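Remember, it's a predicted structure, so these values are computed and weren't measured experimentally.
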Amino acid sequence: MTNLFLYIIQTAFIFSVLYILFVLFLKQLTFHHLNRIILLLLLPISLLIPLTNGIFPSSFSDVIIEVPLFDQVAMINTDIVDIQDIKTNDINSSFNYLGILIMIYLIVVAIYLLRFFLTAKNLFLLKRRSFTKKENGYKLVIADVANIFSYFDSIFIPKQKIKTYDEYVLAHERMHIKLKHSIDVIITEIYIAFFWFNPLSYLYRKSLKSVHEFQADKGVLQKGVKTSDYMQLLMQTLEVQKPNNLYNYFKQPILKQRVIMMTKPKSNNLAKLKYSILLLMCIFLISAFTKPNISNKNSNDIEFVTILNVLDACDILEDETLPPSLFPVQNGTKENITSHFGVKRKHPKINKGVAHGGIDIRATPGTPVIATADGIISKASLEGDWGNLIIISHADDHETWYAHLQGFNIKEEQSVKKGDIIGYVGNTGLSTGPHLHYEVKYKGKRVNPLDYIN
């Protein structure tokens with residue numbers, strides 16, 4: 001879930017950067033066909049670039065955390081935690097904010113998709129109950145609509161205007177059909193359904209439809225229609241109507257831009273060099289999201305900082321072989337342990353007896369939690385019932401887990417030394433009071449942490 005959320009945010013960011021560059025440097029150029037291609041390419045490019053950083057491969061390549069629900073439960077001595085505090089903490093800790101955020105996101109996505117399919121269905125039903133006349137390369141649908149518009153191979157004409165519609169308007173809509181603009185619109189609407197939270201996606205839709213109109217206008221004028229006559233028609237047909245985003249319509253609120261494009265001199269071919277700005281930005285983003293593959297690089301190609309990080313990690317794994325031996329809570333003692341390893345007790349939240357897979361240590365919220373041995377942070381994220389969880393990989397197949405944290409003082413893949421502060425005692429996840437749940441694993445199997453603590 002965390003990786004999915006991160007991927008969506010990264011995709012929206014990349015899309016926003018590329019679209020802003022398009023608006024700043026390319027929007028006013030008269031290369032309408034090229035602009036259409038660029039706008040359509042922004043969608044797959046923004047979706048693919050985040051994948052180059054390996055956020056999905058890295059999480060799938062690691063050992064998946066699979067812990068039974070009840071094994072990860074923190075056992076808090078009911079004598080220590082006040083009943084009123086438990087009630088208050090129950091309310092606070094029951095919220096998984098990331099889960100709620102993703103749920104809201106998916107609900108809105110479903111609403112957008114439902115609206116999209118209902119609009120398409122209504123348009124299909126409208127066509128079925130209307131009179132359809134086949135013309136040369138398109139269908140003329142005489143329907144109960146307010147405006148003339150095209151949708152795939154059909155042009156919808158209002159019943160009351162069947163005898164009065166202008167040939168220029170019909171020619172304009174035929175260009176939409178010829179250029180297959182409806183496919184662009186469908187793709188855009190589906191994209192917006194998944195990235196509804198990004199305001200630039202709606203401006204993107206407007207830009208793409210503007211390019212559609214510029215292309216259709218250009219196609220009509222290339223058939224010998226006088227620009228002045230065509231613009232006069234636009235002025236006469238300018239009426240405020242509520243547009244439907246699913247299909248093309250002749251009367252759009254972009255008349256001023258259309259008139260400017262029709263009267264604007266053709267852009268110089270040298271202006272096409274501006275498109276290299278997007279290419280350079282894509283290269284920069286790809287390099288920013290791609291982690292170097294050290295095994296496939298020569299030493300001269302690896303950045304000096306990366307070399308230091310790799311050597312530092314190797315030093316920890318190869319030179320430091322001591323197992324985790326410190327007490328995980330700063331200034332804490334064994335007297336602060338409220339639940340021991342292997343003890344089967346009834347948890348106050350789930351009302352079921354479970355065997356405890358580690359030890360629970362009571363402490364004030366915000367008390368520093370320290371690394372019990374040298375290692376590398378393999379996990380530092382919100383993990384459901386674990387709450388904020390840190391996992392450190394140590395030498396000789398040892399691993400330590402620190403759960404229900406208030407916050408982190410490290411980041412994933414960072415190397416840490418014995419005694420470093422890695423986080424702070426909290427009350428997140430399935431917890432009934434402030435404490436640290438601490439586990440030690442050897443070759444993937446839970447062992448008693450007290451066998452290691454000096």
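Gln232 CD to Lys226 NZ: the interatomic distance, rounded to the nearest 0.5 Å, is 11.5 Å.
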Verify side-chain contact (heavy atoms from CB on, under 4.5 Å) between Val145 and Leu126, making sure each step is shown before the conclusion. CA-CA 9 Å; Val145 293; Leu126 175 64; 3.5 Å; yes
Applying side chain to side chain donor-acceptor pair (under 3.5 Å) to Ser182 and His176, what does each step give before you reach the verdict? CA-CA 8 Å; Ser182 293; His176 283 308; over 6 Å; no
Go through the steps to decide whether Tyr230 and His172 satisfy the test side chain to side chain donor-acceptor pair (under 3.5 Å), and finish with yes or no. CA-CA 10 Å; Tyr230 190 65; His172 180 93; 2.8 Å; yes
Are Ile45 and Leu18 close enough, and set up right, to give a side-chain contact (heavy atoms from CB on, under 4.5 Å), and what steps lead you there? CA-CA 9 Å; Ile45 288 175; Leu18 296 178; 3.8 Å; yes
Side chain to side chain donor-acceptor pair (under 3.5 Å) assessment of His356 paired with Ser339: CA-CA 8 Å; His356 201 218; Ser339 182; 3.2 Å; yes
Val425 vs Leu405, side-chain contact (heavy atoms from CB on, under 4.5 Å): CA-CA, chis, key distance, verdict: CA-CA 5 Å; Val425 173; Leu405 300 173; 5.8 Å; no
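Residues in residues 270-284 take part in these side-chain hydrogen bond (donor to acceptor under 3.5 Å, both in side chains) pairs, two or more places apart or across chains: Asn35-Tyr275. The side-chain hydrogen bond (donor to acceptor under 3.5 Å, both in side chains) analysis of residues 18-27, with sequence neighbours excluded, yields the pairs Tyr19-Ser207.
Counting heavy atoms from C-beta outward, Phe408 and Ile422 have side chains that stay 4.5 Å or more apart. In this structure, the side chains of Val225 and Tyr168 come closer than 4.5 Å at one or more pairs of heavy atoms. For the pair Leu40 and Leu208, the minimum side-chain heavy-atom distance is below 4.5 Å.
Between Phe156 and Phe149, the ring planes are parallel. Angles under 30° get that label, and only those over 60° would be called perpendicular. Relative orientation of the Phe15 and Tyr191 rings is tilted, given thresholds of 30° and 60° on the angle between their planes.
No salt bridge links Lys379 with Glu399; every basic N to acidic carboxylate O contact stays at or beyond 4.0 Å. With salt bridges taken as basic N to acidic carboxylate O contacts below 4.0 Å, none links Asp144 and Lys159. One finds a salt bridge joining Arg205 and Glu189 here, because a Lys/Arg side-chain nitrogen approaches an Asp/Glu carboxylate oxygen to under 4.0 Å.
Each of Val109, Val108, Leu114 was compared with Tyr112 under the side-chain contact (heavy atoms from CB on, under 4.5 Å) criterion, and only Val108 meets it.
Residues His404 and His437 bring no donor and acceptor atom of their side chains to less than 3.5 Å of each other.
Nearest heavy atoms, Trp196 versus Tyr202: O-OH, 2.8 Å. Between Leu29 and Met261 the shortest heavy-atom distance is O-CE, 3.9 Å. The shortest non-hydrogen separation linking Ala271 to Phe31 is CB-CE1, 4.2 Å. Smallest separation of non-hydrogen atoms from Thr227 and Leu221: CA-CD2, 3.8 Å. Closest approach of Pro50 to Ser46, counting heavy atoms only: CD-O, 3.0 Å. Of all non-hydrogen atoms in Ile421 and Ile410, the two that sit nearest each other are O-CG2, 4.4 Å.
Every residue two or more places apart in sequence or in another chain was checked for a salt bridge (Lys or Arg N to Asp or Glu O under 4.0 Å) with Lys218, and none qualifies. Evaluation of the side-chain hydrogen bond (donor to acceptor under 3.5 Å, both in side chains) rule for Gln160 yields no partner, not counting sequence neighbours. Partners of Phe152 by ring-ring contact (aromatic ring centres under 6.0 Å, His included), not counting sequence neighbours: none found. Residues forming a ring-ring contact (aromatic ring centres under 6.0 Å, His included) with His32 (at least two apart in sequence, or on another chain): Phe214.
For CZ of Phe284, the number of neighbouring non-hydrogen atoms (other residues, nucleotides, ligands) closer than 6.0 Å is 12 at most. Heavy-atom neighbours of Lys127 NZ from other residues, nucleotides or ligands within 6.0 Å: above the threshold of 12. Applying the 6.0 Å contact sphere to NZ of Lys133 captures no more than 12 heavy atoms from other residues, nucleotides or ligands.
Checking side-chain atoms of Thr132 against main-chain N and O of Val141 turns up no donor-acceptor pair under 3.5 Å. At least one donor-acceptor pair closer than 3.5 Å links the side chain of Glu173 to the backbone N or O of Ser150.
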